[in-house]
Structures are given as structure tokens and as C-alpha cells.
Amino acid sequence: LMALLDETTQPPLFSFQRLPGEALAAVTFESSQRSGSSPRLYLEVPSGRSPQEHFTSYRQLSAHLYPPAPLPEWFKYQWLSWYVYYMDVNEDVLVRQIDQIARHFGDLGPWHIIVDAGWYVAEGRDRSEWRSQDFEKFPHGLRWLVDYAHAKGVRVVLYFTAPYLNARQESWDWLGLRTLAERHPEWLIPLDEEEPFDDYAYDFQNPDLRQYLQLVMRDFFHRYGVDGIKLDGLGSAGDAVLYSAEGGAFSLSDRVVGQTMEVYRFVHEEATRFRPDAYV
């Protein structure tokens, strides 16, 4: 089991080789560094019998070095829309779920629902961007739904994904933010090797993009009044290929992956700025 214990600007590369019948093994580790010192490497031969047990020591050390943020007091039971409705989520089905939770399960303790992908205009349609609520699915708007849930004692967490998107027009494509890509190509890093481009990543170094996303976070916590945010997509790029077969250390994909901690920090800081007890 190998893992970094310090933040780096680029993803690490590990290799491990032990020939059959040999007791010794060759371990290779390459990584970038933020300062003059090398990042610390965790290396363990696990003794547990299950995958869960294999990570016990690493999890304990990681929690000691980087204590997890405390969960809000209202966090306990969760219901997620994605694996029930996928992109077909809408106001009517969520109201029914909220009513069922409040009527039959509210005595168990605090509940929250996650309104997953599908609440915003996506799939490459006109106005497909983060500040466009899908009023065909939510005719009263998200604020009405959140207020309805709160009146029933149920909290609401809203879906957001970064840093990947595309400009394709395809049904069920929650990353299909064509309008955003066409209006602001300067905010994006093309992931395709040649034109026409349709796979992108946000360029978090662009101050105008950050200002736009700050408005998106303001929409979440002021305009809609949600209690938390689900951050998705940092480990996947949809159909885009992030690594070449050669695994170039300074390729464009590495530039994108190097933004990961910036995305985490940005979302957490903006969410807790608007709502100190936000669940992220």
C-alpha cells in the first residue's frame, strides 16, 4: 500500500515489482514538490484479511495528520435522487419522497435529501449552464422545493460537479454545458488533442471563472437556500482521456489534475462563507 502524506502540485507515479519466488521487491516513486523537501511516502505491507482491514493503519494516520471537518449537527440520514431517478428527477417525485420521509421516518432523527444531477439545464440544451434552473422539471423553482422540505423538517443538499464539462448535445449528459462552453471558451482548458473541441476542464486560474462560480455558490446558499453541496467529478472526465499511454509528467492533463485541491478549497470556503454549518 503506497500513498503520499503531503500535498503536491502533480499526481504521483508509483510502481512495484516483485519477481515470483523472490522476497525482495523494487519500489519506484516519482512526484512533484511544492517546496525544497520531498513529500512523505506511506509504504505498508498490509496484514489484514479484507480490503477494509488493509487500509486501517493508513486511515488512522491520515485522520491524525489531517483531522476531518466535523459534520453538521443535522447530518444523519440521507436519501439520494440519482440512483432512483437519474436525470429524470423533478419537483413532483421529490415532493413525494419528502412527504414519505417526514410521515414515516422522521422519528428516526434528522434527514436530508441530495438533489443530484438534473436540476440545472444540461444535456447541451439552450441555456445549459450552472445558473439555469430547469423549470420544466421544477416549475416552482428550487427555492420553493427547499422551503417545502424545510417545512417538513428535511434538509436539502444540491449537486455540483467540477472541473470537467463538455459541449455535446446528448440526452442524460449531466456534463453537457454547451452554452457555458460557447459563451466563455476562455474559462476552459480543451482536453481534445485537435479541433473541434468538445471536452473541457475549468481553468481555475482564470479570475472571471472564479467570479462566475462564486455567483453559482451564492445561488446555492442564498437564492435556493440549500443546506449543503455534493461535489462530484474530481476523479473522472466523462469521455475525455486524461492520461496518454506514455503518462507524460507535464502534460495538459496533469495541469488539470493539479487543480484538484484548489477545487476542494474553493467549494469548501465558498459554501462555509455563505453557511457556516454547510455540509460539503
Side-chain angles (χ1 to χ4, degrees), residues 4 6-11 34 62-63 65-75 78 80-82 89 112-122 128-134 142-143 145-146 155-166 174-177 180-181 184 187-189 191 200-238 240 242 253-280:
L4 286 190
D6 300 293
E7 181 182 345
T8 60
T9 55
Q10 303 295 339
R34 283 190 176 274
S62 181
L65 295 174
Y66 307 104
L71 292 171
E73 293 182 357
W74 53 264
F75 183 92
Q78 180 181 98
L80 170 70
S81 68
W82 182 250
V89 63
H112 66 278
I113 66 169
I114 296 183
V115 182
D116 212 289
W119 65 266
Y120 51 95
V121 179
S128 52
E129 55 112 349
W130 283 111
R131 304 199 71 195
S132 296
Q133 301 176 66
D134 193 332
L142 283 172
R143 183 64 191 231
L145 178 71
V146 172
R155 306 273 185 156
V156 179
V157 174
L158 198 58
Y159 177 88
F160 175 72
T161 182
Y164 302 106
L165 69 155
N166 65 65
W174 63 93
L175 295 176
L177 304 179
L180 182 61
H184 297 286
W187 294 356
L188 307 175
I189 302 170
L191 297 179
Y200 302 93
Y202 297 123
D203 181 0
F204 264 74
Q205 304 307 312
N206 188 304
D208 292 332
L209 170 68
R210 285 179 175 261
Q211 187 176 38
Y212 167 78
L213 293 178
Q214 284 175 332
L215 293 175
V216 173
M217 297 295 103
R218 185 178 182 87
D219 286 347
F220 273 45
F221 295 98
H222 278 209
R223 185 178 174 192
Y224 312 143
V226 299
D227 305 283
I229 179 171
K230 174 186 174 180
L231 175 58
D232 185 35
L234 280 164
S236 172
L242 293 184
S253 60
D254 284 341
R255 178 186 171 193
V256 173
V257 175
Q259 300 181 126
T260 299
M261 292 306 299
E262 290 188 62
V263 178
Y264 276 126
R265 290 191 182 99
F266 173 85
V267 171
H268 183 267
E269 289 170 2
E270 291 300 313
T272 53
R273 180 165 68 92
F274 289 116
R275 187 183 183 99
D277 68 339
Y279 168 60
V280 181

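Side-chain atoms are counted along with the backbone in the values below, which use heavy atoms only and exclude waters and symmetry mates. Index from 1, following the sequence.
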> Taking only residues two or more places apart in sequence, or in another chain, which ones meet Gln78 in a side-chain contact (heavy atoms from CB on, under 4.5 Å)?
Replying inline: Phe75, His112, Ile114, Tyr279
> How close do Ala63 and Pro68 get, heavy atom to heavy atom, and via which atoms?
Replying inline: O-CD, 4.3 Å
>> I'd like to check the salt bridge (Lys or Arg N to Asp or Glu O under 4.0 Å) partners of Glu129; sequence neighbours left out, ordered by chain and number.
In response: none
> With sequence neighbours excluded, what pairs up with Asp232 under the salt bridge (Lys or Arg N to Asp or Glu O under 4.0 Å) test?
Replying inline: none
> Out of curiosity, Asn206 CG to Leu188 CG, how far, rounded to the nearest 0.5 Å?
Replying inline: 9.0 Å
>> Once side-chain contact (heavy atoms from CB on, under 4.5 Å) is applied, do any residues pair with Arg218, and if so which ones, sequence neighbours excluded?
In response: His222, Phe274
> Would you say Met217 and Gln214 make side-chain contact, with heavy atoms under 4.5 Å?
Replying inline: no
> Within the side chain of Glu7, is there an N or O that forms a donor-acceptor pair under 3.5 Å with the backbone of Met261?
Replying inline: no
> What pairs with Trp130 under side chain to side chain donor-acceptor pair (under 3.5 Å), at least two apart in sequence or on another chain?
Replying inline: Tyr202
> Got Gln133 and Tyr224 here, is their nearest side-chain heavy-atom distance under 4.5 Å?
Replying inline: yes
>> List the residues meeting side chain to side chain donor-acceptor pair (under 3.5 Å) with Asn166, not counting sequence neighbours, and say none if there are none.
In response: Asp173
>> Among residues at least two apart in sequence or on other chains, which ones pass side-chain contact (heavy atoms from CB on, under 4.5 Å) with Asp134?
In response: Val121, Arg125, Glu136, Lys137
>> I'd like to check Asp116 versus Val89 (side-chain heavy atoms, cut-off strictly below 4.5 Å). Are they in contact?
In response: no
> Would you say the side chain of Leu145 lies within less than 4.5 Å of the side chain of Val156, judging by non-hydrogen atoms?
Replying inline: no
> Can you list the steps and then say if Leu142 with Arg223 is a side-chain contact (heavy atoms from CB on, under 4.5 Å)?
Replying inline: CA-CA 9 Å; Leu142 283 172; Arg223 185 178 174 192; over 6 Å; no
>> Test of understanding: with ring pair (Phe, Tyr, Trp, His ring centres under 6.0 Å), list the residues that count as partners of Trp187, not counting sequence neighbours.
In response: His184, Tyr212
> Do the side chain of Asp227 and the main chain of Val157 share a donor and acceptor less than 3.5 angstrom apart?
Replying inline: no
> Taking all atoms of both residues into account, what is the closest heavy-atom pair of Ala271 and Ala278, and its distance?
Replying inline: O-CB, 3.9 Å
>> Please report the interatomic distance OH(Tyr200) to CG(Leu180), rounded to the nearest 0.5 Å.
In response: 10.5 Å
> Can you name the side-chain contact (heavy atoms from CB on, under 4.5 Å) partners of Thr260, sequence neighbours left out?
Replying inline: Leu234, Val257, Tyr264
> When rounded to the nearest 0.5 angstrom, what distance separates CZ in Arg265 from CZ in Phe204?
Replying inline: 12.5 Å
> Who are the salt bridge (Lys or Arg N to Asp or Glu O under 4.0 Å) partners of Asp208, not counting sequence neighbours?
Replying inline: none
> What distance do His268 atom NE2 and Ile229 atom CD1 have between them, rounded to the nearest 0.5 Å?
Replying inline: 11.5 Å
> What closest approach, in Å, do Arg275 and Asp277 show between heavy atoms, and which atom pair accounts for it?
Replying inline: NE-OD1, 2.9 Å
> Which heavy-atom pair separates Ala117 from Trp174 by the least distance, and what is that distance?
Replying inline: CB-CB, 3.7 Å
>> Taking Val115's backbone N and O only, do any of them form a donor-acceptor pair with Ser81's side chain (distance below 3.5 Å, no angle check)?
In response: no
>> Phe221: which residues meet the ring pair (Phe, Tyr, Trp, His ring centres under 6.0 Å) condition with it, sequence neighbours left out?
In response: none
>> One pair to check against side-chain contact (heavy atoms from CB on, under 4.5 Å): Leu80 and Lys230. What are the steps and the verdict?
In response: CA-CA 10 Å; Leu80 170 70; Lys230 174 186 174 180; 4.1 Å; yes
> What residues form a side chain to side chain donor-acceptor pair (under 3.5 Å) with Arg210, not counting sequence neighbours?
Replying inline: Glu262
